[in-house]
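The structure appears right after this line, and notes come after that.
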Amino acid sequence: MSLSAKVTAAVNKAFTAAGDLVQKGTLTSKSVSTYNFAARATVSTSTTKVVDVIIQTAQRASGEGFITTAIMRSGEDLSVYDTLTVGTKVFNIVDYSDNNFIIEAQLSR
């Protein structure tokens, strides 16, 4: 078994061991195709993908607000998604990093 396979197996074990900290999240990408002049609205389609996610929130120093981070397994290209919905909370994906094992996304509300 290669080192990469061992790390991937360890990430899967960690998500299983995290239990109720792992939540279902929905990644959403909206693309606008045309404008309907009669209805005065854009015509768009949404693409969604359900993923397992762990949400972390940390407070910044000096009352500058909160930093929300989502951790998920690698495998999705977050550059094509706009939002992550967890429960009833909708987060905008601000930035992310992917090390081919996990994705750590910076979120805003």
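Computed from a predicted model, the values in this text were never measured in an experiment.
- The closest side-chain heavy-atom distance from Gln23 to Ile55 is below 4.5 Å.
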**OP:** Please step through side-chain contact (heavy atoms from CB on, under 4.5 Å) for the pair Val53 and Leu84, ending with a clear verdict.
**Re:** CA-CA 10 Å; Val53 63; Leu84 172 67; 4.1 Å; yes
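- Contact check for Tyr81 versus Lys49: side-chain heavy atoms found under the 4.5 Å cut-off.
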**OP:** Report the C-alpha distance between Met72 and Leu78 in whole Å, list the side-chain angles of each, state the deciding distance to 0.1 Å, and finish with yes or no for side-chain contact (heavy atoms from CB on, under 4.5 Å).
**Re:** CA-CA 11 Å; Met72 58 194 86; Leu78 257 57; 4.2 Å; yes
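- Distance OG/Ser44 to NZ/Lys30: 4.5 Å, rounded to 0.5 Å.
- The shortest non-hydrogen separation linking Ala38 to Asn36 is N-OD1, 3.0 Å.
- Put simply, CG on Asn92 and CG on Leu107 are 8.5 Å apart, with the number rounded to the nearest 0.5 Å.
- The shortest distance between side-chain heavy atoms of Thr85 and Phe91 does not fall below 4.5 Å.
- If you check the side chains of Thr26 and Thr48, you find no donor sitting under 3.5 Å from an acceptor.
- Cation-pi geometry between Arg73 and Phe15 is met: the NZ or CZ atom falls under 6.0 Å from the ring centre, inside 45° of the normal.
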Subject >> side-chain contact (heavy atoms from CB on, under 4.5 Å) evaluation trace for Ile71 with Gln56 >> reply: CA-CA 8 Å; Ile71 299 173; Gln56 297 178 321; 3.7 Å; yes
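- Side chain of Thr57 to main chain of Thr68: no donor-acceptor pair is present (N/O by atom type, distance under 3.5 Å, no hydrogens or angles).
- Put simply, CG on Asp52 and CG on Leu21 are 12.0 Å apart, with the number rounded to the nearest 0.5 Å.
- Under the 4.5 Å side-chain contact rule for hydrophobic residues, Leu27 and Val86 share a cluster.
- In this structure, Ile102 and Ser74 have side chains that are not in contact, with every pair of non-hydrogen atoms separated by 4.5 Å or more.
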**OP:** For Val43 and Tyr35, run side-chain contact (heavy atoms from CB on, under 4.5 Å): C-alpha distance rounded to whole Å, both residues' side-chain angles, the deciding distance at 0.1 Å, then the answer.
**Re:** CA-CA 6 Å; Val43 178; Tyr35 185 79; over 6 Å; no
